[in-house]
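These notes concern the structure reproduced below.
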There are 2 protein chains.
Amino acid sequence: MKIGELAKQVGVTVETIRYYENEGLLHAALRNPANNYRRYDQGHLERLIFIRRCRTLAMTHNEIKVLLQARIQPDDSCETINELIDEHIHHVQARMAELTILETQLIELRGQCHAALTTRDCGILRELDQPTDELTEALVVQSHVAGSQCKTHQPK
Amino acid sequence: MKIGELAKQVGVTVETIRYYENEGLLHAALRNPANNYRRYDQGHLERLIFIRRCRTLAMTHNEIKVLLQARIQPDDSCETINELIDEHIHHVQARMAELTILETQLIELRGQCHAALTTRDCGILRELDQPTDELTEALVVQSHVAGSQCKTHQPK
DNA sequence: CTTGACCCTAAAGCAACTTCAGGGTGTTTA
DNA sequence: TAAACACCCTGAAGTTGCTTTAGGGTCAAG
């Protein structure tokens with residue numbers, strides 16, 4: 001099948017597929033010598049589904065590469081896989097803990113202003129002007145809220 | 001004060017400060033004509049603290065720009081601010097909901113393999129091979145878990 | 001007068017894609 | 001049969017919030 005059909009079957013854009021090939025996640029497809037179009041088979045389809053399933057679970061490309069490797073080495077121990085998943089679960093839980101603190105702080109901040117006043121008297125701005133206190137320090141900024149700004153990356 | 005001192009007082013790197021200036025978050029500092037070094041005053045300090053506080057709350061630069069604008073227009077209504085914070089809270093909550101689903105799925109996935117088997121028999125790989133089911137579809141991949149790979153962005 | 005701490009700029013890197021620019025291919029339809 | 005339109009190709013730049021690197025001045029102390 002051609003790239004467009006593969007994309008439709010898996011629910012990604014053709015650009016994503018080409019990108020995955022570049023990244024080494026997906027094996028380079030054979031080309032139709034007549035027009036240089038990529039041709040995909042069942043193996044590609046299954047591998048791409050695997051990759052997308054992993055991405056849905058928020059794994060990075062590196063993590064996925066480990067799993068892909070394991071996938072084609074049926075005699076290896078699956079310990080590595082278990083550890084990878086366990087670690088990944090911890091990342092997610094850590095992120096949630098951070099977001100919980102963040103939520104608390106934001107709600108408290110929001111509580112500083114109920115009425116529609118002028119910004120001069122707005123408790124929110126007032127509080128934002130304060131240097132960071134202990135509570136806030138618990139938050140590691142480095143891991144920003146992904147999707148906090150909600151870019152809509154939808155394939156049109 | 002010079003950039004290094006400002007950086008120390010606020011707890012960011014000098015690179016971050018220069019970056020903020022470039023981004024238009026921080027006003028360009030006046031320069032010492034003798035050596036072209038930036039010179040900062042109290043206003044810069046306060047503005048930078050404000051910015052960092054917002055970043056700690058996971059706001060984007062665009063959101064912060066709105067707040068900075070409001071900050072210097074004391075006669076405007078603070079409705080905009082309230083709306084911005086409310087929306088931001090929703091983003092955070094939405095992200096947490098996504099992560100909760102993610103966690104459930106990962107834990108279920110992990111449950112597929114307890115013993116250290118060969119990958120051939122590993123329930124985890126088996127399950128990852130399945131096309132996405134309804135549960136999974138609830139997850140919007142576009143907002144990946146920030147910090148899932150935990151890059152340590154610490155100023156050395 | 002050299003060492004080390006601090007300042008400067010411009011550009012590239014990170015993650016996972018998307019978007020854009022510029023240009024072929026292939027089928028259909030007027 | 002030629003224009004129109006859908007689909008394919010490549011390579012490079014854009015996204016977010018910084019960090020890192022490269023290459024080079026400034027300044028105070030010893």
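Here is how names work: the chains are called A, B, and so on, in the same order as the sequence lines, proteins then strands, and each is numbered from 1.
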Task: B:I17 CD1 - C:dC8 P separation (whole Å) - done: 10 Å

TODO: Find the distance A:L6:CG to D:dC8:P and express it as a whole number of Å.
DONE: 10 Å

TODO: Return no unless some side-chain N or O of A:H61 is found under 4.0 Å from OP1 or OP2 of C:dA16.
DONE: yes

TODO: To the nearest Å, give me how far apart CD1 (B:I51) and P (D:dG17) are.
DONE: 12 Å

Open item on the list: With a 4.5 Å cut-off on side-chain heavy atoms, are B:E98 and B:I101 touching?
Closed with: no

Open item on the list: Below the 4.0 Å mark, does C:dC17 have OP1 or OP2 next to a side-chain nitrogen or oxygen of A:R52?
Closed with: yes

TODO: Output yes when at least one side-chain N/O atom of B:R55 is less than 4.0 Å from OP1 or OP2 of D:dC18, else no.
DONE: yes

Open item on the list: On the nucleotide C:dT25, are OP1 or OP2 found under 4.0 Å from the side-chain N or O atoms that A:N36 carries?
Closed with: no

Task: side-chain contact (heavy atoms from CB on, under 4.5 Å) between B:R39 and B:R31, worked out - done: CA-CA 6 Å; B:R39 275 188 310 209; B:R31 303 297 185 108; over 6 Å; no

Task: Protein-nucleotide distance (B:E23, atom CD; D:dC18, atom P), rounded to Å - done: 9 Å

Task: B:K2 NZ to C:dC8 P, straight-line distance once rounded to whole Å - done: 9 Å

TODO: Starting from C1' on D:dA28, measure out to OH on B:Y37 and report it in whole angstrom.
DONE: 11 Å

TODO: Quickly work out the B:Y19 OH to C:dG13 P distance and round it to whole Å.
DONE: 17 Å

- [ ] Compare side-chain N and O positions of A:T16 against OP1 and OP2 of C:dT18 and report whether any pair is under 4.0 Å apart.
- [x] yes

TODO: Round to a whole Å and report the spacing from CG of A:N22 to C1' of D:dG11.
DONE: 10 Å

